[in-house]
Amino acid sequence: MKLENQNQTIVVSGESGAGKTVSAKYIMRYFASVEKTHDGEPALAGSDHKADMSDVEKQILATNPITEAFGNAKTTRNDNSSRFGKYLEILFDKSRSIIGANVRTYLLERSRLVFQPLNERNYHIFYQMLAGMSEDQKAALSLSSAEDFKYLNQGGATTIPGVDDSLDFQLTNDSLALIGIDESCQSEIYKILAALLHIGNIDIAATRNDAQLSSDEPNLVKACALLGIDAGSFAKWCVKKQITTRSEKIITNLNHQQALVARDSFAKYIYSALFDWLVDYINADLCPPQVKENINSFIGVLDIYGFEHFEKNSFEQFCINYANEKLQQEFNQHVFKLEQEEYVKEEIEWLFIDFADNQPCINLIENRMGVLALLDEESRLPAGNDASWIEKMYQNLDKPPTNKVFKKPRFGQTKFVISHYALDVTYDMDGFIEKNRDTVGEGHLEVLKTAENEMLQSILSVIEKNASQLETAAPAANARKSIALKKPTLGSLFKNSLIELMTTINSTNAHYIRCIKPNEQKKAWEFDSLMVLSQLRACGVLETIRISCAGFPTRWTYEEFADRYHILVPSDDWIKVMCGGDQKDVMGLCKQILASAVDETQKYQLGNTKIFFKAGMLAHFEKLRSQKLHDAAVMIQKNLRKIYYRKQYLQIRESLVKLQALFRGHITRAAIQREKETAAALRLQTAARAINARRNFRNAQTAILFIQRTFRGRMARKHLDEMRVERSALVLQKHARGRAVRKEFAEKRSAAVVLQSYIRRKLAVKQLLQLKEEAKSVNHLTEVSYKLENKVIELTQSLTGKIQENKSLTAEISKLSDLLAQSSAATDALVAREAEAKALTATSTAAQQVEIAQLDRELAAIKAEYQAAELKIEELTKEQAELRSEVQRNIEELTAAKEALVKRDTIEIDLKAHIEQLKQELATLHAQQKVALSTKTRAASSKRHSSAAAGFAAGVSAGSFDHQRPVSVIAVSNEDNTDIESINDELFQLLRNSRNLHREIIEGLLKGLKIPPAGVAADLTRKEVLFPARIIIIIISDMWRIGLTKESEEFLGEVLAAIQQIVSTLKDEEVVPNGAFWLSNTHELYSFVAYAQQTIIGNDALLHEMSQEEFDEYLKLVEVVKEDFELLLYNIYNMWMKKMEKDLEKKAISAVVISQSLPGFMAPDSSPFLAKVFSQGVQYKMDDILLFFNSVYWSLKSYFIEEEVLKAVIIELLRFVDALCFNDLIMRRNFLSWKRGLQLNYNVTRLEEWCKGHDIHEGSVYLCHLLQAAKLLQLRKNTMEDIEIIYEICYLLKPTQTQKLISQYYVAEYETPISPEVLQAVADKVKSTDGSNDDLFEPISEGHFDDPFQNVALRPFVRVEAYVPAWLSLPVIRRVVELVAKNASAQESDQEKLSAAETNGLA
């Protein structure tokens, strides 16, 4: 500018976050700080001139904080991203002094005000205002925190790491004051910004077809009060719009979405006007009329957005990339022109080259039928929309020649692709029309005109000023254009401003700064080469390098070249030239160097003043020069180093020898002195410590003995008093209650015996008559068999109850034995005390004599209690003997029932397997009774261990628990000094050590588990069945409580995989019980996780204790675990059902279809010989099917599967049997006969009766095809009337199935053959119903079953019992469960103490 007196422009460009804004600030700071020295020379660049800046220069720098606060925002790529383009002209006068500045802005991103993507923020000024204002100022504007406003919290990032918004707010205020905006005006600006935040919180209610907004909505009232506008009018035009026609104005309602758009458009309109007002104020302050008169030149700094390409690109990205296309074209032309001028000036041989031209892309956007023109045309149409606009583009632009840069996607009708110079960008049409219009409703404009806020009126006047300037600039001759310019679109405004910017740049000498972003993580000292390469390609640097490389990218003057590379030729050739040769000598020396070092002359060109080199030549010369210097340096260094290091070596060696001698002597003397001192100190310490230890021991021993005597005597007396009172009360209660109960029992028993005798006699007579009438029927025999089965079950249950009662009596005997042992111990203690008292009688006083008498009385009372306890034991022993006899009677009744079943073996064959199972269970109960009696007898004669489970586990081996009730091995200590903190620390270490814990869970608890046997007589409790799930629940809940979330995820992953592997490997007899066991435990786990999720959601206190992010993460973890258990439950159920169906498939056909269980109606076997040869060896009967269903039913019952799931499983198996057997039956030839139908009906009826006996009354519905097929085989088929009856009775069978059964019916010798007319009628029936072969078979499940647990309520959880079976060797798990139990006990104790303290405080 100083040398050529030409205006300059610095174009700063680059990707978002590359440093464009910071670079522009440094440029402005440099221009504002550089001054002239007194002698006319510029000052040093490193000197500080800030203190001597003029007011104008300070004001220019102050524009940066203002425009950044109101126009910059945090994005995912940049914490201070400019959301507008800025061209700052720094104005100079004739003396090259800064006299002012002028700011032009381009395309402010208005949509950011109302919406921010994830991890992005709104404009900085809002967050600065909320962080920097005092509480009183915020209260006056009804402001709180950024999280409370919708316009600020959508991105979820209200703060920027390392940025203090309050300090930035103070800087913004200072900058506003520096350009002339005082505090009162600033407060008015912040009042408008606060109003915009309240507008964003206005809640517009949605109705069916439109929207509603009350004028007294709180946020609306606040916003209107701050803006000084009428709340009713503003609310009205938020939900309505006005359409102006030639003759009238039409008002229509807006739907909810349109109302939200109207509200947000109003806010964007005001904020955009505020931004324009600030820019206009800055220009008025920095460039007043008197400054414009003195402008001589300027330097422009263009800080504009870089090329953008996101996953979803909209109108803003289109405009930004359009601007970059224009700048890239200008850049290419500028660089190419300078390169060509250099070659022409030096007069070297040069062929002009072409470069990539992006003019087609610019024409696509700018031309008459280009993208902007079509967008403006569609935007001015009242009914214009995005779909219509993109359809026009497809029609007009997707053809030569524009189809080279405009493309239509292969899929979808909502996107278009433009080939920019950097890469192809796909734009989404959504929002283009609305953003291009960028209009506010006429109603809202009228509301703004009546605003009482003077600052708002001043801001809106800037819009009118800009509109009037636009009308003045438009040609007055074209009336149509002037009308259109009244409401220009945003695209046309941006295009015009961009053309004006290009004109300004072309009129100046342009300089380009390309900012490169090293990485996406915004970290220092990290370089992503691929990312940098893509930026270099996008900003045109690679294109510039290509242009340069096509010519001669390296150039040196003759003097520079000779000065650096003269050493490549002999010294005789260059000494004379370097000492004072002329230009010709220098050129000759350069040619000599080139001739000796370069073989190919086309790799360089000699110009007038410079030498031009091809790429790589400079490196070649540097290599030769480095090698020359290296060889000379090596020779010099070799000799110098030899002399230096030889001398140094001799000096060091002499010094080391002397130093070693001194050190060794000093060390030896010090060691001897230290040994002497240590020996003396040890003798002194030994004597002193022995004296102190003996004295302390004697003192402590005396004190402890005194305290123990006092405390033990007091506790013994207190305990004796308590025992005496308690024993007396127990004796009284025992006798009173026993007498009342015995009297009541005797009365009830006598009355019941009389009543039972009468009723039984009457029922027996009635039953005898009924049995005589029904003795001849076959069905009666079946009913008798089921009654006998029920009798067996009742007797088994009665026996189980008696055994439980026997166990309780045995436990009570054990307790009394313990009490007796304690009494004996107390007696022994009293006797000892009495002996001690007698020894001291000689010296005792009268008071001691009284105490001895009192002890004698207490001893007599304890002896009486001891005798009473012995009587109680005798009574309990008698009751136990009576229970034994009653159990023996039950066993005899069971034996009688078994003999009755054996007599009816030919009819009741289906109960044989069940009775055998009952025999085994009775034998097990006998063994349990004997073991329990022997154990209790031994326990009565010895002192009970403090932990019953530990003693039991030590006395019995692990293998002896196969047929015994498992016992808990967790003993919880009730010590008062339990430290919760130490418990939690130990728990943390155990749970964190995942290797041992996981090994015990997977190998010990899951894979090494012995499933408790299930059956009719199985008396399992929930803790015996569900202890694996509850152990896992305890571990999971404490992992979550302690905070080991990551370890819990790994733990649950292994547990899920192990359970699924166990179920998938089940075989043979393990399938039914083991599958039901793991299904119940998995449902228990799922219920716990679902219960935990409900508890977390409903626990408001937990939300206050955690941050929102931690709470969401915790809730997300529980949701993921719940989904995993739900999926595992579904997979286990499917695998289990598949295995059971596979087992049932082997048995069903042989048992239901082929077997003949009804004697007297045997049908001949008509199977061919080959079928018999290749048939399976095992033949199954209906007893096997019923035994299978019994196993499934009692497994589900014993393992506490819900009733709904039990029925669903049985029904699914019945449906499978029905479909499988029916499909096999319908394909058998020469098999279907009347006798086969009778046998089939009997077999299916037995299965149906089994369902009824087990409360599954709807079982017959799922066996309907087999039942109706059996009926069809038994009905007559001679006439058309018979066929009609068959269709009525067998209404569930399809016509195709009915035809198939009738056509394959085997007519016996005593039956009338089926006539051809009947067969033809059946065939016609099939044709009339359009039957096909696909209707012949009933569908069989493909292995995907509906989850029966979806409609089952979750299992309740109040408190999980700490229980680990004794036969499992799980030390880590046992310790974890014990610690959890201790922790819970300690917390309950603390809670009780706290409640007691509060109660005492209230009292």
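We're numbering straight along the sequence, starting at 1. These numbers were taken from a predicted model, which means no experiment stands behind them.
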Inset, instruction - Apply side-chain contact (heavy atoms from CB on, under 4.5 Å) to I1002 and R999, showing your working. - result: CA-CA 5 Å; I1002 302 303; R999 183 176 65 251; over 6 Å; no

Legend entry - Flag side-chain contact, heavy atom, 4.5 Å: V163 against N80: no

Legend entry - Side chain proximity check, N1383 to R1041, heavy atoms < 4.5 angstrom: yes

Legend entry - Distance in Å, L1056 CG paired with I1032 CD1, rounded so as to fall on 0.5 Å steps: 8.5 Å

Legend entry - Sub-4.5 Å side-chain heavy-atom contact between K647 and I643: no

Legend entry - Where I1059 and L1085 come nearest, the two heavy atoms and their spacing: CD1-CD1, 4.4 Å

Legend entry - Min side-chain heavy-atom separation I1096-W1040 under 4.5 Å: no

Inset, instruction - For side-chain contact (heavy atoms from CB on, under 4.5 Å), just list the numbers for N78 and T75, CA-CA rounded to whole Å, side-chain angles, deciding distance to a tenth of an Å, and then say yes or no. - result: CA-CA 5 Å; N78 187 5; T75 65; 3.8 Å; yes

Legend entry - Atom pair CZ (F1051) and CG (L997), whose distance is rounded to the nearest 0.5 Å: 5.5 Å

Legend entry - Nearest atoms (heavy-atom pairs only) where A1058 meets L1006: CB-CD1, 3.7 Å

Legend entry - From CD1 (I704) to CG (N699), nearest 0.5 Å: 10.5 Å

Legend entry - S1048 to T1045 - nearest heavy-atom pair and separation: OG-O, 2.5 Å

Legend entry - Any donor-acceptor pair under 3.5 Å from S1385 side chain to K1382 backbone: no

Legend entry - Ion pair R1375/E1378, N-O distance below 4.0 Å: yes

Legend entry - Between CD1 on residue I567 and CD1 on residue I593, distance to nearest 0.5 Å: 9.5 Å

Inset, instruction - Calculate, to the nearest 0.5 Å, the distance between atoms CD and NE2 belonging to E1003 and H998 respectively. - result: 12.5 Å

Inset, instruction - Would you indicate whether the side-chain heavy atoms of I27 and I513 approach each other to under 4.5 Å? - result: yes

Legend entry - E1049/L1117 under side-chain contact (heavy atoms from CB on, under 4.5 Å): CA gap, chis, key distance, verdict: CA-CA 8 Å; E1049 292 178 5; L1117 169 65; 3.3 Å; yes

Inset, instruction - Could you note down all residue pairs passing side chain to side chain donor-acceptor pair (under 3.5 Å) where residues 657-674 supplies at least one of them, sequence neighbours left out? - result: Q673-E677

Inset, instruction - Spell out, as yes or no, whether a donor-acceptor pair under 3.5 Å connects the side chain of K74 to the backbone of T158. - result: no

Pairs under 3.5 angstrom only: tabulate donor-acceptor contacts from the side chains of residues 615-633 to other protein residues two or more places apart or in another chain.
| residue | atom | partner | partner atom | Å |
| --- | --- | --- | --- | --- |
| H620 | NE2 | A597 | O | 3.0 |
| E622 | OE1 | R564 | NH2 | 3.1 |
| E622 | OE2 | R564 | NE | 2.7 |
| E622 | OE2 | R564 | NH2 | 3.3 |
| E622 | OE2 | Y565 | OH | 2.7 |
| R625 | NE | R564 | O | 2.9 |
| S626 | OG | E622 | O | 2.8 |
| Q627 | NE2 | D631 | OD1 | 3.1 |

Inset, instruction - Please answer whether the main-chain N or O of N519 pairs with a side-chain N or O of E526 as donor and acceptor at a distance below 3.5 Å. - result: no

Legend entry - From NE2 (H566) to CG (L589), nearest 0.5 Å: 8.5 Å

Legend entry - Residues that S166 engages under side-chain hydrogen bond (donor to acceptor under 3.5 Å, both in side chains), provided they are two or more places apart: D164

Legend entry - Residue E654 excluded, over 12 heavy atoms near CD under 6.0 Å: no

Legend entry - Residues L1052, M1039; criterion side-chain contact (heavy atoms from CB on, under 4.5 Å); working and verdict: CA-CA 11 Å; L1052 287 175; M1039 279 186 171; over 6 Å; no

Inset, instruction - Heavy atoms only: give me the nearest R121-I160 pair and the separation to one decimal. - result: NH2-CD1, 3.4 Å

Inset, instruction - Answer yes if the side chains of R689 and N692 hold a donor-acceptor pair under 3.5 Å, and no otherwise. - result: no

